[in-house]
Amino acid sequence: MDLAFAKGIKIKAFPILARAVQTELSHEVPFQAALSVGKKRFRRAVDRNRIKRLMREAWRVEKTALAKNWKPDAPQWAVVFIFVGNEIPSFSDCQHLIQRATKRLEMEMAAEK
RNA sequence: AAGCUCGGUUGACUCUGCCGCCUCACUUGUGGGGAGGAAAGUCCGGACAACAUAGGGAGCCACACUUUUUGAAAGGAAAGGCGCGUUCAACGGAACGUGACAGACAGUGCCACAGAGAUUUAAACCGCCGAUGGCCUUCGGGCACAGGCAAGGCUGAAAAGGUGAGGUAAGAGCUCACCAGCGCAAGGGUGACCUUGCGGCUUGGGCAAACCUUGUGGGUUGCAAGACCAUGUAAACUGGCGUUCGAAGGCGUCCCGCUUGAGUCAGAGGGUAGGUCGCGUCAGAUCAAUGGCAGAGCCCUUCGGGGAACAGAAUCCGGCUUACACCGUGUUUUGAA
RNA sequence: GACCUGGUAGCUCAGCUGGUUAGAGCAUCUCACUUUUAAUGAGAGGGUCCUGGGUUCGAGUCCCAGCCGGGUCA
């Protein structure tokens, strides 16, 4: 995670900010993703959990497109999603945002090759 | 309709299908379980763990009407007593509400400002009187000098019992009656307390959410407790104290006692900062799982839609407090008929 | 998770054992000085003492509950 913040590429899809880096992961998987919602913006744990669950679900749906051509010895990616908005989004909004982010990520991965 | 009071709630969507998460069981696919009444605040009390091991005292902290009851404790419930407030009554009291409600006759302390006087012989500013003594006198009295007085005014949160009568120069518990308060006795009540009688009245009060006293209870620290495994380093350096005349530790503080007994404390510096258990719980995480989509039903709608409010378990229980929705009881206010 | 600590003027802080009118420095405003500004001097304004109850004659201070910050412990 520190590596992702230090060297990762920035992907903006306001109000979602993503950082991604190509690195060796501990398991044979294409991605490891982390989700973050700031405590300063959302004081109540209920709201933070809600946003993280929506982002998690959107990522689950969208990552399949990225992962379908992945082979066990291909490069692995660590991704961190940070929510920086001030209001709780609906699921459809959240899905569109993650979709934009994953498309950018796909381009970056192609460029990396 | 709104507010208040008390009580209740698996306390909010339901069903079907598909995809997905945590965990357990059998085994590769099924099946079981998967947030709250407050999970919150962390305000109390425990379980549990550590402090090698007995103990005593001081200190510290918490609580405080009585009886019964529930509970491991904290806390709760019922009934009663006393105080205060409101209303009704009309001097017998009654109803409702409310109270962190032991002690101010154990001691210490404080009561600013104002005011003449504020706490142990209280106080003479405006006043009242001036009987007694003094001065003057037309012998009727006058003066207000010595002095007497706490009844009235004033100040204040509070002014040394209250009301009435007698008494007096004027006054005063000075005397008496009743009332309040205090002490003693008797009786009633399990008890808090109440009733009656007697006594003297040199008998002021308030503040213990001031120190404190009395009674009761409490060893301290907390799961980041603690146990184990792994990784790594510096058994080095500087200074203090000390090895039987005893350092330092043994429960946060002090004293005594007991006990271990050669290291220990501080500084600067070097290193690690991962895991397992604790935490077994028909949720069980080491950074934390409960979600999404589609359809039908139901409800709300500002016809776009929406499915609430307060709010998310982190060792576990029992309370307290605070936040909030719905339902019901009682009550108050306002509006309409 | 557990345990400490704080909240006072626009900012940083005092305010002792409850008492008379809540102060200090900086900042702001006005005036003076100066050609002007700064500095300096004089003066003025500015406070829900975090909020709500309670104790008391009287609360920034004492007690209870809440809100919002800061810190410590593996």
In whole Å, measure the gap between the [atom1] atoms of [N] and [M] for me.
| N | M | atom1 | result |
| --- | --- | --- | --- |
| A89(B) | C198(B) | P | 37 Å |
| C317(B) | A35(B) | P | 16 Å |
| G226(B) | G33(B) | C1' | 31 Å |
| U66(B) | C60(B) | P | 25 Å |
| G270(B) | U231(B) | P | 24 Å |
| A288(B) | G306(B) | C1' | 32 Å |
| C258(B) | A247(B) | P | 16 Å |
| G75(B) | G181(B) | P | 34 Å |

Could you give the [atom1]-to-[atom2] distance, from [X] to [N], as a whole number of Å?
| X | N | atom1 | atom2 | value |
| --- | --- | --- | --- | --- |
| D93(A) | G292(B) | CG | P | 14 Å |
| K52(A) | G312(B) | NZ | C1' | 11 Å |
| Q99(A) | C293(B) | CD | C1' | 15 Å |
| M55(A) | C21(B) | CE | C1' | 17 Å |
| R48(A) | A39(B) | CZ | C1' | 15 Å |

Distance, nearest 0.5 Å, that separates [atom1] of [X] from [atom2] of [Y]:
| X | Y | atom1 | atom2 | value |
| --- | --- | --- | --- | --- |
| R50(A) | F91(A) | CZ | CZ | 10.0 Å |
| R53(A) | I51(A) | CZ | CD1 | 11.5 Å |
| D47(A) | K52(A) | CG | NZ | 12.0 Å |

Base partner of [N], which must satisfy Watson-Crick or wobble distances under 3.5 Å:
| N | answer |
| --- | --- |
| C198(B) | G183(B) |
| A50(B) | U220(B) |
| G83(B) | U98(B) |
| A177(B) | U163(B) |
| G17(B) | C293(B) |
| A268(B) | none |
| A9(C) | none |
| A38(C) | none |

Under 3.5 Å, which donor-acceptor pairs do the side chains of residues 98-107 of chain A form with other protein atoms, sequence neighbours left out?
| unit_1 | atom_1 | unit_2 | atom_2 | d |
| --- | --- | --- | --- | --- |
| T102(A) | OG1 | I98(A) | O | 2.9 |
| T102(A) | OG1 | Q99(A) | O | 2.7 |

Does [N] adopt a syn or an anti glycosidic conformation, taking syn as a chi angle within 90° of 0?
| N | answer |
| --- | --- |
| G304(B) | syn |
| G173(B) | syn |
| G249(B) | anti |
| G59(B) | anti |
| G56(B) | anti |

Under 4.0 Å, heavy atoms only, any strand: does R56(A) hit a base, just the sugar-phosphate, or nothing?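 Contact class for R56(A): sugar-phosphate only.
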Those residues that, when tested against F81(A), pass ring-ring contact (aromatic ring centres under 6.0 Å, His included) (two or more places apart):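 Expected list: W59(A).
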Same apolar cluster (I L V M F W Y, side chains within < 4.5 Å links), L54(A)/V79(A):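 No, L54(A) and V79(A) fall in different hydrophobic clusters.
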I11(A) and R19(A), any side-chain heavy atoms less than 4.5 Å apart: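 No, side chains not in contact.
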Which residue lies toward the 5' end of RNA chain B, F91(A) or R60(A), if each is placed at its nearest nucleotide?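 Result: R60(A).
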Between N or O atoms, less than 3.5 Å apart, protein on one side and nucleotides 34-37 of chain B on the other: list the pairs.
| unit_1 | atom_1 | unit_2 | atom_2 | d |
| --- | --- | --- | --- | --- |
| A35(B) | N6 | R53(A) | NH2 | 3.4 |
| A35(B) | N1 | R53(A) | NH2 | 3.3 |

